[in-house]
There are 2 protein chains.
Amino acid sequence: MLPEPFDLLNDSARKCMTLAKGDHVFHQGDQTRGLFFVASGAICLTRLTEAGALVTLHNAVAGSMFAEASLYSDHYHCDAIAVAPSKVIRLSKSAILLRQREDAFFSEGITRLLASQVQDYRQLLTLHAVKTANERVFQAVASGRLRGSVTQLASQIGLTKEACYRALKELTDQGLLSKTGRGEYVLRQP
Amino acid sequence: MLPEPFDLLNDSARKCMTLAKGDHVFHQGDQTRGLFFVASGAICLTRLTEAGALVTLHNAVAGSMFAEASLYSDHYHCDAIAVAPSKVIRLSKSAILLRQREDAFFSEGITRLLASQVQDYRQLLTLHAVKTANERVFQAVASGRLRGSVTQLASQIGLTKEACYRALKELTDQGLLSKTGRGEYVLRQP
DNA sequence: AATCAAATATGATTGAAATCATATGTTACC
DNA sequence: GGTAACATATGATTTCAATCATATTTGATT
């Protein structure tokens with residue numbers, strides 16, 4: 001359930017929390033107690049800047065983590081609020097830092113996880129820079145991003161679901177994509 | 001010049017390379033020799049997918065790094081090509097992996113760097129999801145992204161420079177931003 | 001001082017995707 | 001078996017940012 005290498009941590013390092021919509025996971029300024037995995041629901045991270053503006057930093061959805069950087073600071077620098085009924089797992093900061101010092105394999109696992117997240121986010125940003133909907137959807141499919149629903153793809157790549165459906169249709173008409181029996185889209189082999 | 005913790009590496013672990021536009025830093029499939037820092041110019045990372053489509057993974061600009069994840073694989077999984085005359089510094093994979101094993105402070109520095117990159121990319125993606133140009137520019141300024149030129153800001157947040165200039169003007173007219181004597185934009189204090 | 005490149009700044013026009021609307025198909029659950 | 005929720009699908013209309021055009025200002029280079 002937890003992504004590597006956090007699956008290696010024993011149960012005492014994990015604290016499950018059930019949240020109603022609107023509940024805080026933590027507040028800006030709270031002492032850091034660990035990082036989090038979203039088991040279900042969604043968590044929104046917002047920060048009140050010095051100038052008084054509310055800035056959204058991240059919307060963490062089921063299956064993803066948040067507050068990794070809290071490992072290296074004493075206080076959370078944003079609010080984490082459930083935007084839907086959610087379950088999150090807190091991974092103890094002290095347990096992680098201890099394990100990281102004692103277990104090189106675990107430590108490398110964290111670095112590896114973060115490096116692959118960086119890669120993925122960069123690719124997503126690059127994808128967002130593609131101007132036309134057709135080309136964007138094509139690149140997204142080509143890089144294997146269409147696994148869940150079209151709606152999920154749409155929100156990932158910064159288009160509406162309608163625009164995605166239309167692009168998929170046009171790309172199929174142009175022969176760049178083809179649809180399998182099970183309704184999946186794949187690249188057309190030249 | 002190099003970001004922490006790579007500034008700690010001694011000279012023998014750094015290899016400077018000067019590239020003409022179009023030169024390859026490495027090819028997909030090459031043995032990994034390290035990760036890279038872009039001193040000047042710009043490097044584009046592209047991958048040829050199994051299905052034969054060319055996907056851009058990242059555009060690395062001056063001051064940023066690329067191929068961090070190559071630390072954990074034997075072969076580069078993309079091409080890195082200079083899109084302008086560039087200087088890059090290669091940081092030796094073996095030196096990094098060795099140092100990482102022997103120096104906990106160095107190892108933590110890498111994790112810290114990657115964690116803050118993850119944070120930053122996430123925030124940028126969140127920013128890209130903001131629908132209107134005015135709100136997007138406001139959030140960008142509120143989170144301190146307007147340091148360089150407006151043109152740089154524009155490409156970061158996925159707008160044209162014209163749209164940015166217009167948004168800055170409208171936000172100023174609305175009293176949400178104000179312009180300092182030196183032409184800098186700051187949040188209007190309420 | 002002259003020249004060139006880039007940043008700043010706006011106006012006019014266009015176009016592509018968002019929005020709104022609607023219909024059917026598919027699961028899942030009481 | 002009914003209905004509620006969501007995914008798929010596509011047409012009509014609107015809107016906002018992209019594009020194109022142009023001018024001034026600033027900064028660097030010779």
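Below, read A as the first sequence line, B as the second, and so on, with proteins coming before strands; counting in each chain starts at 1. Hydrogens, waters and symmetry mates are skipped; everything else that's a heavy atom, side chains included, is used.
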Round to the nearest Å and state the distance from [X] atom [atom1] to [N] atom [atom2].
X: L171(B); N: dA9(C); atom1: CG; atom2: P; answer: 14 Å
X: E184(A); N: dA7(D); atom1: CD; atom2: P; answer: 16 Å
X: R182(A); N: dA7(D); atom1: CZ; atom2: C1'; answer: 18 Å
X: I157(A); N: dA17(C); atom1: CD1; atom2: P; answer: 11 Å
X: K161(A); N: dA17(C); atom1: NZ; atom2: C1'; answer: 13 Å
X: L146(B); N: dT8(C); atom1: CG; atom2: C1'; answer: 12 Å
X: K169(B); N: dA17(D); atom1: NZ; atom2: P; answer: 16 Å
X: K131(A); N: dT14(C); atom1: NZ; atom2: P; answer: 23 Å

Output yes when at least one side-chain N/O atom of [X] is less than 4.0 Å from OP1 or OP2 of [N], else no.
X: Y165(A); N: dT10(D); result: no
X: T160(B); N: dA18(D); result: yes
X: K179(A); N: dA9(D); result: yes

Exercise for review: Kindly give the heavy-atom pair with the smallest separation between H128(A) and R136(A), and that separation in Å.
Suggested key: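 Looks like O-NH1, 3.6 Å.
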Practice item. Kindly point out which of dA17(C), dT8(C), dA9(C) is positioned nearest to the side chain of A163(A)? Key: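 Of all the options, the side chain of A163(A) is nearest to dA17(C).
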Check your understanding: So which nucleotide from dT8(C), dA12(C), dA9(D) ends up closest to the side chain of S149(B)?
Key ->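 Minimum distance to the S149(B) side chain belongs to dT8(C).
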Review point. Does D103(B) use its side chain to pair, donor to acceptor, with the backbone of Q100(B) at less than 3.5 Å?
Key: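 No; judged by distance alone, with no hydrogens or angles, the pair does not exist.
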Point to revise | D74(A) backbone acceptor or donor facing T32(A) side chain under 3.5 Å | key: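 Yes; at least one donor-acceptor contact below 3.5 Å.
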**Study point:** Donor/acceptor link under 3.5 angstrom from R166(A) side chain onto base of dT19(C)
**Key:**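 Side chain to base: pair found, below 3.5 Å.
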Review point. Which residues, ordered by chain and number, are linked to I43(B) in its hydrophobic cluster, where ILVMFWY side chains connect at heavy-atom gaps below 4.5 Å, directly or through other members?
Key: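 Besides I43(B), the hydrophobic cluster comprises M17(B), L19(B), V25(B), F26(B), F36(B), V38(B), L45(B), V55(B), L57(B), F66(B), Y76(B), V88(B), listed by chain and residue number.
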Practice item. List the steps and the verdict of salt bridge (Lys or Arg N to Asp or Glu O under 4.0 Å) for E184(A) and R147(A). Key: CA-CA 9 Å; E184(A) 293 156 350; R147(A) 265 156 313 188; over 6 Å; no
**Study point:** Position toward the 5' end of DNA chain C (nearest nucleotide), E162(A) or N134(A)
**Key:**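 Going by which nucleotide is closer to the 5' end, it is N134(A).
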